[in-house]
Structures are given as structure tokens and as C-alpha cells.
Student: 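Handing you this structure, nothing more for now.
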Amino acid sequence: MRSLSNDSLVEEAARKALSAQELEKTLERFRELCLKPGDDVTALEDTAETLRNAGFKNELMQLLRKALTIPEANPHVGALWIRRVVTSRVWDHRYPRDLDDLCGHGEVGHRAVLEFLEIAGSKRRSQLVQHTLARHAKWLRTHPKGWAVAGRALVEARCYHQAARWMSGWRKQPDLDLPTLHCLALALRATGRIKQSDEVVRLALARPAAAEQFPIFKLWSAQDEAFSGHTQAASATFKQIATDGWDDDSLALYYLVRGVIRVQKAEKGKHKDAFAVARERIAELFRRVPIYKRDVFLRREYRRCLARMARDSGDWSPAVLGTWRSAESRSFLLPLLIVPGLQFFLPCYLYRLCSRRKGSSK
């Protein structure tokens, strides 16, 4: 810790809501906790947060760096250190140069990598997640938490294809928790592996409180039931869903699935009318942010749901337009190339297909 006179300590501590005595006790307490073994890191986290909130970020960082040089340090010190690195103003948003060296020290370095993956994933820094995974894939696959953390980070960064490949051996993993099952199901659905995703969804919904913690599982279940032609079961499942707190993409999928169910439940001869009503509601959802700028998963589901409603209603033109609007299918390029007159639209479709879209994954 940088040297401070007693008067300076009193002045700075008073300004930051810690007395000089409290500051010294907190710093000493933190030093002790950094060297205390055990998996319960609550006190270590709380003390670090106290120092951070009080404004002593530099002192906190220096104590963490010193602790990292001590072999007996609690491995969680690595997580706290990398958290300070990536939240500091001087971080250049690149892979931390000291991270590989720290991994040579064992679990303290592994915890730092896991924390970095979680942070990079939550910020959707796809290149950082993939770069980190490429450097540490070998031990991450066998680490008790590494496989799941890496898979979740890839999904949160919207690297769906990479996530599906990474998590392909999920059946061999013991006791997957609900957040991991959620990410696994999402990766599988986003890459067209619907049957595998349905297996994961059913496994998740068999867990206590799964539907309350992740109501999207119920929506996916209702969607799969509707696509299998089990309309009444899909309707019953759909009615159990509460959408409080959902983001825009999840709400959009909610209304897409509702449209599928309502078209299927429509009286004979009124399926096209039900489809028209569903399209009006869907159009409202994408007025502010068009579908081709949305996440790759939602674009896929948009096409699937429109195609299903078109099939059930006998009105196929909206499904064709849906493929145009979502700009998701590369196969759509073929008719644009060979049908006379449609070449005029090719540059626009290529722009939509290749432009940087929200959470796109290639």
C-alpha cells in the first residue's frame, strides 16, 4: 500500500466514509483473508467490496498483487485480481498479458481465467472469449467448473456454434446446474439442433423451481409441442408462462409462439385470418429494431415460426417475406441470383446478411 501520513489517512478516510482506524483494520482483515484457505469466500468478497466502495481501489489492487506472489494465497484472490484488472480505467480491453503466467501457479490462475471468461461473456466480448478458450481449452475441459463456465461464456457472447461444439459432450458432465442447462439449450436451438434442445429442456423442467427461475424453458417446451402438432398441450403449457422482466428478444419469441398456437387453434376456414392478426402483432415488435438486426437465435426462430404459421394457414407469401426480412438464410441468395428481376434486391440482402448484427455468431 502506498505510504500515507496519519493526517492524510484521516482526511482521505473521512472523505471516503471510512475512519483511519477502520481503514487500517479493513486492510489488515483483507490481508488475512487473502491467505485463509477454504471455499467460503464470502468474507473475502465482502471486504474487497468494502474497500472498493470506499474508494481505495489502488490499495486493494496492490494487496491483491502481493497476495498472488504467496503460494498459500486463497485461489479466489485470482478472481478478485482479474476483476480489478478489467474494471480499471487503464484496461485496454485486450487479453491480460499476465494471465498466462498466473495460470502457471495453479488454481489461483485458473480462477482468474474463469472470472475473466464470465466477465467477457457477460459483456459479449466474443473475440476475448474465443481467444481465452483457445489458450486454455485443455485444462478447462477437465476443471470442475471450467467446462460449464466456458460454455456459458460462449453462449452469452452469442458464439452459438462454438458453444454447441464445446458442450457436445454434455451428457457425460455430472449434475449440470440450471444456468448451464439454459445456455446449452439455447446454443442447441440457435444452431438448429431442436431435438437435442428439447431433451435438455425436459431435463431442466424436471428440476424443482426450474420454470420459476427460467420461464423461457416453458416457452421452448410450448413451442416444441406446437411444432409437433400437439396444439392443446402447447396451449396449456403456454398459459403457465409469466413474462415479467423479459428482454425484448424473449418477448418477441413469446408472441411468435403465441401466433403459432393461435393459428393452429383457429376455426376451420379462419386460419389465414389468425395468421394475419399474428403478423400485425409481430410487426409491432420489430418496428423499433428490425428482425435482421436481432440476435441470430431470434432470426432463426422468426423464420421457423412464420414458416409454421404459413404451413398451418396455407398462406406462404409471408414466410417468403420473413426470410427476406430476417436475412438469415444463405440459401435465399440462390433465387435472388437466378430469377430475372430479383438481382436488383441482391445488394440489400447481402448487406443485411453480412452486416454486424446484434449478437451475431458465425
Student: Would one find more than 12 heavy atoms of other residues, nucleotides or ligands at under 6.0 Å from atom CZ of R84?
Tutor: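 Check passes, neighbour count above 12.
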Student: Between R111 and E115, is the closest basic N to carboxylate O distance under 4.0 Å?
Tutor: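 Looking at E115 and R111, the cut-off is not met.
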Student: Atom CH2 in W147, atom OG1 in T142: separation rounded to 0.5 Å?
Tutor: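 That separation rounds to 13.5 Å.
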Student: Check whether any side-chain heavy atom of S221 lies under 4.5 Å from a side-chain heavy atom of L205, and answer yes or no.
Tutor: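 Contact flag for S221/L205 side chains = yes.
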Student: Walk me through it: do T180 and R152 pass the test side chain to side chain contact (heavy atoms under 4.5 Å, CB included)?
Tutor: CA-CA 6 Å; T180 303; R152 292 197 301 267; 2.7 Å; yes
Student: Strictly below 4.0 Å, N to O, side chains only: are R31 and E28 in salt-bridge contact?
Tutor: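 Counted as a salt bridge, because a side-chain N and a carboxylate O are separated by less than 4.0 Å.
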Student: What is the ring orientation for H182 with F214, classed by angle as parallel under 30°, tilted 30 to 60°, or perpendicular over 60°?
Tutor: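 The arrangement is parallel - the two ring planes meet at less than 30°.
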Student: If you round to the nearest 0.5 Å, how far is NZ of K25 from OG of S19?
Tutor: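 Output value for this atom pair is 8.0 Å.
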Student: Could you tell me whether R299 and D249 make a salt bridge, using a distance below 4.0 angstrom between a side-chain N and a carboxylate O?
Tutor: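 Between D249 and R299 there is no salt bridge, as every charged N stays at least 4.0 Å from the carboxylate O atoms.
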Student: Under 6.0 Å from the CD atom of E32, do we count more than 12 heavy atoms belonging to anything else shown?
Tutor: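 More than 12 heavy atoms, drawn from other residues, nucleotides or ligands, come within 6.0 Å of this atom.
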Student: Is R83 salt-bridged to E45, cutoff N-O under 4.0 Å?
Tutor: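 Yes.
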Student: Under 4.0 Å between a side-chain nitrogen and a carboxylate oxygen: does that hold for K195 and D224?
Tutor: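 No salt bridge links K195 with D224.
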Student: Inspect the surroundings of CG in D92 and state if more than 12 heavy atoms from other residues, nucleotides or ligands are less than 6.0 Å away.
Tutor: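 Check passes, neighbour count above 12.
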Student: Output the distance between atom CG (D198) and atom OG (S228), rounded to the nearest 0.5 Å.
Tutor: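 Answer rounded to 0.5 Å: 7.0 Å.
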Student: So do the side chains of L99 and W81 get within less than 4.5 Å of each other, counting heavy atoms only?
Tutor: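 Yes, side chains in contact.
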Student: Would you call F286 and K293 a side-chain contact if the rule is heavy atoms closer than 4.5 Å?
Tutor: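 Not touching, per the 4.5 Å side-chain cut-off.
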Student: Identify, with sequence neighbours excluded, every residue that meets ring pair (Phe, Tyr, Trp, His ring centres under 6.0 Å) alongside W316.
Tutor: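 Ring pair (Phe, Tyr, Trp, His ring centres under 6.0 Å) list for W316, sorted by chain: empty.
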Student: Measure across R52 and K57 and return the closest heavy-atom pair with its distance rounded to 0.1 Å.
Tutor: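 Smallest interatomic distance, heavy atoms only, reads O-CE, 4.0 Å.
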Student: Using salt bridge (Lys or Arg N to Asp or Glu O under 4.0 Å) as the criterion, list what pairs up with R258, not counting sequence neighbours.
Tutor: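 By the salt bridge (Lys or Arg N to Asp or Glu O under 4.0 Å) rule, R258 matches no residue at all.
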Student: Using the ring of each side chain (for Trp, its six-membered ring), is W139 parallel, tilted or perpendicular to H110, with breaks at 30° and 60°?
Tutor: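 Parallel.
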Student: Is it true that, when you exclude R311 itself, more than 12 heavy atoms of the residues, nucleotides or ligands shown sit nearer than 6.0 Å to its CZ?
Tutor: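 Counting other residues, nucleotides and ligands, CZ of R311 stays at 12 neighbours or fewer.
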Student: Identify the two heavy atoms, one from W91 and one from P96, that lie closest to each other, and give their separation to 0.1 Å.
Tutor: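 So the minimum-distance heavy-atom pair works out to NE1-CG, 4.4 Å.
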Student: For R304, does the CZ atom have more than 12 heavy-atom neighbours from other residues, nucleotides or ligands under 6.0 Å away?
Tutor: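 Check passes, neighbour count above 12.
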Student: Is the number of heavy atoms from other residues, nucleotides or ligands within 6.0 Å of CD (Q21) greater than 12?
Tutor: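 No, CD of Q21 has 12 or fewer neighbouring heavy atoms, counting only those of other groups under 6.0 Å.
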Student: Parallel, tilted or perpendicular for W220 and F217, by the 30°/60° rule?
Tutor: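 Geometry flag for F217 against W220: perpendicular rings.
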Student: Return the CG to CD distance between L306 and E301, rounded to the nearest 0.5 Å.
Tutor: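 Those atoms lie 11.0 Å apart.
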Student: Between R279 and E284, does any side-chain N to carboxylate O distance fall below 4.0 Å?
Tutor: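 No, this pair does not count.
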